[in-house]
Peer 1: 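Before I ask anything, let me first share the structure, which is written out below as structure tokens.
None of these values were measured; they are calculated from a predicted model.
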Amino acid sequence: MTPDSIKEAEGGLYSNLRCRKFEAGAVAWRNFAETTRSDGGRLLALWGTDDCDRDGRLRIVACYLNAESLAVVEHAMDSCSKPLYPSLVEFFPSALRMERAVADLLGIQSMQPDHRGWLRHNGWPEGVFPLRRSFNASTQYQLDSEPYSFIQVEGDGVHEIPVGPVHAGTIEPGHFRFSVVGEKVLRLEERLGYAHKGIEKRFEELRQKEGHKLAARISGDSAVAYSWAYCAALESITQTTCPPRAAQLRALALEHERIANHLGDLGALGNDAGFAFGLTQFSRLKEDLLRIHQPIFGTRYLMDFIQPGGVAVNLPQDAPQLLLDHYAALEISVSELRGIYENHAGVQDRFRGAGVLSNEIAVRLGAMGLAGRASGIAHDLRVDCPWHPYNDVTLKIATQTTGDVAARVNVRFDEIVQSIMICRELLTNIADGAIVSDVPDAAPGILGVGVIEGWRGPVLIALETGPSGMIRRCHAHDPSWQNWPLIEYAILGNIVPDFPLINKSFNLSYSGQDG
Amino acid sequence: MIKTLGRMIRTGILTEKIERVARPDSEADEIHAKLRGILGRALCIRQVDAGSCNGCELEIQALNNPYYNLEGLGIKFVASPRHADMLLVTGPVSVNMEEALKRTFDAMPDPKFVVAVGDCGACGGIFGESYASRGAVAHVIPVDSTVPGCPPTPTAILQAILQAVSPGQV
Ligand code: SF4
């Protein structure tokens, strides 16, 4: 293949969304990114894979989201020489951390100058690449911690405040380095990767029909989204159709996951704005929802509800009525609390104008999902390219334009109302019949991509099958990859004590990004 | 100012209105009583996520909702390990968090209790041991008790907290 050639891949690609797959030479790889950018497409995910055992090549793969479809582009490199590929950062700044992660795990370098480890904090030696075929997953190394070179800000009265990786509250681990003058933030640099636990390597030890359980635990608050994305990938590969009832139950679970997370966030945001009443009220509403999950889905958190071919538990007879009554009460409480938040001067004072992410920066950085919608990026896969059963559901994308904490709060309020409407519609039209179809083991060497709009934004699972029903490679992508850098912008000019509020208004996943 | 106060007063009334319909869980009630009997004073907990999926964190956070009302018992989550009696650890211990976890444990005054929350903390869970994960919390620091579950329910976590401070009484 010449550097500037590009062709549609033979055998294509399987996905729950409309998609095409291309193989590109180095120049064409870069040009494809440029054209996608100028056509308004977005970079959804970037990953690498080691095919040395098969054809002596290492591959870098990009997945783009266009208006109504996906495009997957693959560029193969010779493994003998030092594998290098053109960076996508000039078109998609969010590619930077993904490229650094690919370098850590596979030793494939992009042509950009930042070679600091992102997921590798010296827990395994330099030059060792865990996602290479030759690497034994159970190898353990003794840790020698090594300082990380944060970018220094110089100037009169500038000092640094390091925070984390362990935080004061019950939250995930990550490090934030603030450069401040007085209390004002001049610069924030994030360092993540603390929760990296080798998920992608672990997938390779699992059977195709076990992978959904691990997928559900990539980011526990998005268990439904991830397990559905995994199953969607596997079902596309095996051309399995999930029964209509199961598809509706999956969507019901996905909307419940969205509502539960939004309720939790709205409470925490009230609390961070100095209004503990909000936490009490919303945490109670969230608990009520989780408690109703117990008799209906069998557990509070739906870690293992979605399984290949359908769902694990059928709805009990009385569930629809129970749920409809629950929604009615929830809707009243949420609207009452929204009124209280909106009329509370102290809360509004903290929410409005805090952590502004302008539409221009959000577009340039490729903001995803909820955070993007709050800055006027009107994308939601449930509407843009609806997969079954969202093609039968009425939904209007919730957007705001101010890009501040208040906007992210309002998107959440609107989305709760919409999710309740979707759940009602699903329950009213619920189909009878089976809740699971048989899923055969897939032939080896097939790539399937599952993409689901989770509560934070689109999550992706790229699954490649191996022999005897095993997984060959599985890449998981969280929208937090794109959205973490947004906080570095949104915090500028704000004061350090507002960081918890601003950070919470994005509520990004550490585990989902760290893998 | 008057306007703000007005809002706060009205909000206060609403609290009662909404709170009245919330009925505390009887199981949680029972645990509350036991905890009060055993401790007789505040228990300070430091939580460390050593690499979890965040599922366990959500259930630990739930302990602060009005049904479990952990804070109401004088049990609180503290920001510094130096003020903590108990360390609540979640996740398989990622290699990248190993050092931070050890440092937190070392900074706590004696006597200290360590509770490993969730299947991951107890045995490594689905992630197991690998180049990036040390598996169970006990592989990195001494653990007094474990709470199985993925994630464990808030009630199970409450019970484990109780069990850890009071061996043989549950
Ligand atoms: S036990 Fe389950 S919920 Fe808890 S961290 Fe592990 S995978 Fe997540």
Peer 1: Between A:Thr139 and chain B, with a heavy-atom cut-off of 4.5 Å, which part of the residue counts as in contact: side chain, backbone, both or neither?
Peer 2: backbone
Peer 1: Could you look at A:Ile332 and say if it's the side chain, the backbone, both or neither that has a heavy atom under 4.5 Å from chain B?
Peer 2: neither
Peer 1: Heavy-atom pairs under 4.5 Å with chain A: which of B:Thr90, B:Leu58, B:Val48 has the most?
Peer 2: B:Leu58
Peer 1: Between A:Tyr194 and chain B, with a heavy-atom cut-off of 4.5 Å, which part of the residue counts as in contact: side chain, backbone, both or neither?
Peer 2: both
Peer 1: Is chain B contacted by the side chain of A:Lys286, its backbone, both, or neither, given a heavy-atom distance below 4.5 Å?
Peer 2: side chain
Peer 1: Measuring heavy-atom distances to chain A, does B:Thr104 have an atom under 4.5 Å in its side chain, in its backbone, in both, or in neither?
Peer 2: side chain
Peer 1: If you count heavy-atom pairs within less than 4.5 Å of chain B, which of A:Ser219, A:Gly123, A:Pro130, A:Gly512 leads?
Peer 2: A:Pro130
Peer 1: Please flag which part of A:Leu119 lies under 4.5 Å from any non-hydrogen atom of chain B: side chain, backbone, both or neither.
Peer 2: backbone
Peer 1: Kindly check if the number of other-residue, nucleotide or ligand heavy atoms within 6.0 Å of NZ (B:Lys76) is above 12?
Peer 2: no
Peer 1: Within a reach of under 6.0 Å around CD of A:Glu205, are more than 12 heavy atoms found that belong to other residues, nucleotides or ligands?
Peer 2: yes
Peer 1: Mind ranking B:Gly55, B:Cys53, B:Ala132 by heavy-atom pairs under 4.5 Å with chain A and telling me who comes out on top?
Peer 2: B:Cys53
Peer 1: Flag this pair as yes if the NZ/CZ of A:Arg350 is under 6.0 angstrom from the six-membered ring centre of A:Phe275 and inside a 45 degree cone about the axis; otherwise no.
Peer 2: no
Peer 1: In terms of heavy-atom proximity below 4.5 Å to chain B, should A:Ile199 be classed as side chain, backbone, both, or neither?
Peer 2: side chain
Peer 1: What class does the angle between the rings of A:Phe176 and A:Tyr510 fall in, given that below 30° is parallel, 30 to 60° is tilted and above 60° is perpendicular?
Peer 2: perpendicular
Peer 1: If I measure from the heavy atoms of chain A, does B:Val93 come under 4.5 Å with its side chain, its backbone, both, or neither?
Peer 2: neither
Peer 1: Would you call A:Glu257 and A:Arg456 a salt bridge, using N to O less than 4.0 angstrom?
Peer 2: no
Peer 1: Heavy-atom pairs under 4.5 Å with chain B: which of A:Pro173, A:Gly198, A:Ala195 has the most?
Peer 2: A:Pro173
Peer 1: Where does A:Gln142 contact chain B at under 4.5 Å (heavy atoms): side chain, backbone, both or neither?
Peer 2: both
Peer 1: How about A:Asp478 and A:Tyr226: does a side-chain donor come under 3.5 Å of a side-chain acceptor?
Peer 2: yes
Peer 1: Report yes or no: do B:Asn54 and A:Asp221 form a side-chain donor-acceptor pair below 3.5 Å?
Peer 2: yes
Peer 1: May I ask you to check whether B:Ser52 and B:Glu57 show a side-chain donor-acceptor distance below 3.5 Å?
Peer 2: yes
Peer 1: Is there side-chain contact between B:Met86 and B:Val115, with at least one heavy-atom pair below 4.5 Å?
Peer 2: yes
Peer 1: Please state whether the side chain, the backbone, both or neither of A:Arg217 comes within less than 4.5 Å of a heavy atom of chain B.
Peer 2: both
